[in-house]
Amino acid sequence: MVTVFDHPLIKHKLSIMRDKNTSTKDFRENLNEIGSLMVYETTRDLPVKDVEIETPMTEMTGSTLAKDVVVVPILRAGLGMVQGIVDLIPNSKVAHVGLYRDEETLQPHTYFEKYPKNVSDAICIVVDPMLATGGSAVAAIDMVKKQGAKNIKLVCLVGVQEGIDNVEKHHPDVDIYLASLDEKLNDQGYIVPGLGDAGDRIFGTK
C-alpha cells in the first residue's frame, strides 16, 4: 500500500524545504516537523493493549502501546527525520543502517548496522527523506528483515514511481508513506523537482 499525504501543513513545510534558498537550520527544523506529522498518520494502526490506571477521580481501563517501535534511519539523511518521530514516540528505540550509493552504478553499499533488542517483535519504521531508485530502501528493508522484523513501514518525504515499484517488487508486505510523489529521476538518479541532496542540506556539507 502506498499513501501520499495531502495535509496542508506537510505541503507548506515541504515547499519551504524544496526552496534552494532555505537555510540548513530551517531545512532541518522543517524536516523534523514533517517527520512528526507523517508518523502521526503512519502509526494510526499501532496495536494497543488495556492497562489499569487511576485518575484523580477514579480507576479506569486505559490503553498503552502493545509493541515496541523501532525507528530505522538510513544513514545519513535518514537521521534528519529521527528527532521528530522520537519526540512523538519517546519510548521508541533507534536502529542505524549505513548505506551509500555508488555514484556511477547507483547501487547501495552497506557500511554500518546497529539494532536494539527485540526488533523481531517491534514495529519498524524505516525512514529516509528520498525514495529515488528505491535501491537503498530495498537494501535497508532486507537488512531489517534479516534481524527478524515482520512489521515494517517505509516513510519518505519525496519519492518517484520507479522507487515505489522497486520496493513493491521486493517487499510487497511493506507499506510506503510519502509526503509527495514527484515527477521523475534525472540522469544522475536525483528526484525532480525534489529538494536536492537531503544529506548535504541537513548537515550543511555543501
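As the structure is a computational prediction, the values presented were derived from the model and not from experiment.
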Ile89 reachable from Met81 in the ILVMFWY side-chain graph, under 4.5 Å edges: yes
Before accepting this row, confirm whether a basic side-chain N of the pair Lys13/Asp26 lies closer than 4.0 Å to the acidic partner's carboxylate O. no
To the nearest 0.5 Å, tell me how far Cys124 SG sits from Lys93 NZ. 11.5 Å
Any side-chain donor near an acceptor of the partner, His12 and Asn30, under 3.5 Å: no
Is there a donor-acceptor pair closer than 3.5 Å between any side-chain N or O of Thr64 and the backbone N or O of Lys49? no
Minimum side-chain heavy-atom gap Ile85-Ser36 below 4.5 Å: no
Checking Glu59 against Glu52 for the side chain to side chain contact (heavy atoms under 4.5 Å, CB included) test, could you report, in this order, the C-alpha distance in whole Å, the side-chain angles of both residues, the deciding distance, and whether it holds? CA-CA 7 Å; Glu59 295 179 349; Glu52 298 302 319; 5.8 Å; no
Do Val144 and Tyr111 share a hydrophobic cluster, counting only Ile, Leu, Val, Met, Phe, Trp and Tyr and linking them when any side-chain heavy atoms are less than 4.5 Å apart? no
Please step through side chain to side chain contact (heavy atoms under 4.5 Å, CB included) for the pair His96 and Val72, ending with a clear verdict. CA-CA 6 Å; His96 292 86; Val72 188; over 6 Å; no
Under the side chain to side chain contact (heavy atoms under 4.5 Å, CB included) test against Leu14, which residue among Leu9, Ile34, Leu31 passes? Ile34
Under the criterion side chain to side chain contact (heavy atoms under 4.5 Å, CB included), I'd like the reasoning laid out for Val160 against Glu183: C-alpha separation, chi angles, the key distance, then a yes or no. CA-CA 6 Å; Val160 292; Glu183 179 184 344; over 6 Å; no
Which atom of Val167 lies closest to which atom of Gly134, heavy atoms considered: CG2-O, 4.3 Å
So do Asp175 and Leu154 actually touch side chain to side chain, heavy atoms under 4.5 Å? no
Main-chain N/O of Pro193 paired with Arg18 side-chain donor or acceptor, under 3.5 Å: no
Tell me whether Asp173 is salt-bridged to Lys153, with the criterion being a basic N under 4.0 Å from an acidic carboxylate O. no
In plain terms, say whether Lys117 and Asp68 are close enough for a salt bridge, that is, a side-chain N and a carboxylate O under 4.0 Å apart. no
Minimum-distance pair of heavy atoms, taken over all atoms of Val70 and Ala122: CG2-CB, 3.6 Å
Say whether Leu75 and Val86 are linked into one hydrophobic cluster, either directly or through other cluster members, by side-chain heavy-atom distances under 4.5 angstrom. yes
CA sep, side-chain torsions, deciding dist, call: Met143, Thr110, side chain to side chain contact (heavy atoms under 4.5 Å, CB included): CA-CA 9 Å; Met143 293 159 69; Thr110 305; 3.5 Å; yes
Asp142/His171 under side chain to side chain donor-acceptor pair (under 3.5 Å): CA gap, chis, key distance, verdict: CA-CA 9 Å; Asp142 283 340; His171 298 290; 2.8 Å; yes
Measure the spacing between CG of Leu37 and CG of Asn32 and express it to the nearest 0.5 Å. 11.0 Å
For the side chain of Arg201 and the backbone of Leu195, is there at least one donor-acceptor N/O pair under 3.5 Å apart? yes
With the side chain counted from C-beta on, respond yes when Thr24 and Ile202 share a heavy-atom pair under 4.5 Å apart, and no when they do not. no
I need the minimum non-hydrogen distance between Ala140 and Val126, along with the two atoms involved. CB-CG1, 4.3 Å
How far does CD1 of Ile16 sit from CG of Asn21, to the nearest 0.5 angstrom? 13.0 Å
Does Asp50 form a side chain to side chain donor-acceptor pair (under 3.5 Å) with Thr61? I'd like the steps, not just the answer. CA-CA 6 Å; Asp50 291 342; Thr61 301; 5.8 Å; no
Salt-bridge test for Arg76 and Asp128: reply yes if a basic N is under 4.0 Å from a carboxylate O, no otherwise. no
Is it the case that the side chain of Lys150 and the backbone of Gly148 share a donor-acceptor pair, with hydrogens and angles ignored and the cut-off at 3.5 Å? yes
Does any part of the side chain of Asp197, heavy atoms only, come nearer than 4.5 Å to the side chain of Tyr190, both counted from C-beta? yes
Counting N and O atoms only, with roles assigned by atom type, does the side chain of Thr55 sit under 3.5 Å from a partner on the main chain of Thr58, one being a donor and the other an acceptor? yes
Out of curiosity, does Val39 fall in the hydrophobic cluster containing Val48 (side-chain heavy atoms, cut-off under 4.5 Å, transitive links)? yes
Qualifying residue for side chain to side chain contact (heavy atoms under 4.5 Å, CB included) with Met38, from Val127, Ile10, Thr3: Ile10
Side chains of Glu162 and Asn166: any donor to acceptor distance under 3.5 Å? no
Contact between Leu99 and Phe112 at the side-chain level, heavy atoms closer than 4.5 Å - yes or no? no
Rounding to 0.5 Å, atoms CG (Asp182) and CD (Gln161) come to a distance of 12.0 Å
Minimal heavy-atom distance between Gly196 and Met130, with the atoms involved, is O-CE, 3.9 Å
Interatomic distance, CD1@Ile152 vs CD1@Ile125, rounded to 0.5 Å, equals 11.5 Å
Check Ala95 against Pro116 and note the closest heavy-atom contact, atom names and distance. CB-CD, 3.7 Å
Rounded to the nearest 0.5 Å, how far apart are NE2 of His7 and OH of Tyr40? 9.0 Å
Side-chain heavy-atom pair Tyr177, Met1 within 4.5 angstrom cut-off: yes
Considering non-hydrogen atoms only, spot the tightest contact between Leu178 and Leu181 and give its length. CD1-CD1, 4.3 Å
Does any part of the side chain of Ile164, heavy atoms only, come nearer than 4.5 Å to the side chain of Leu131, both counted from C-beta? yes
Validation row: Ile123, Leu46 side chains within 4.5 angstrom (heavy atoms): yes
Taking Val158 as the starting point, is it possible to reach Leu79 by hopping between hydrophobic residues whose side chains are less than 4.5 Å apart? yes
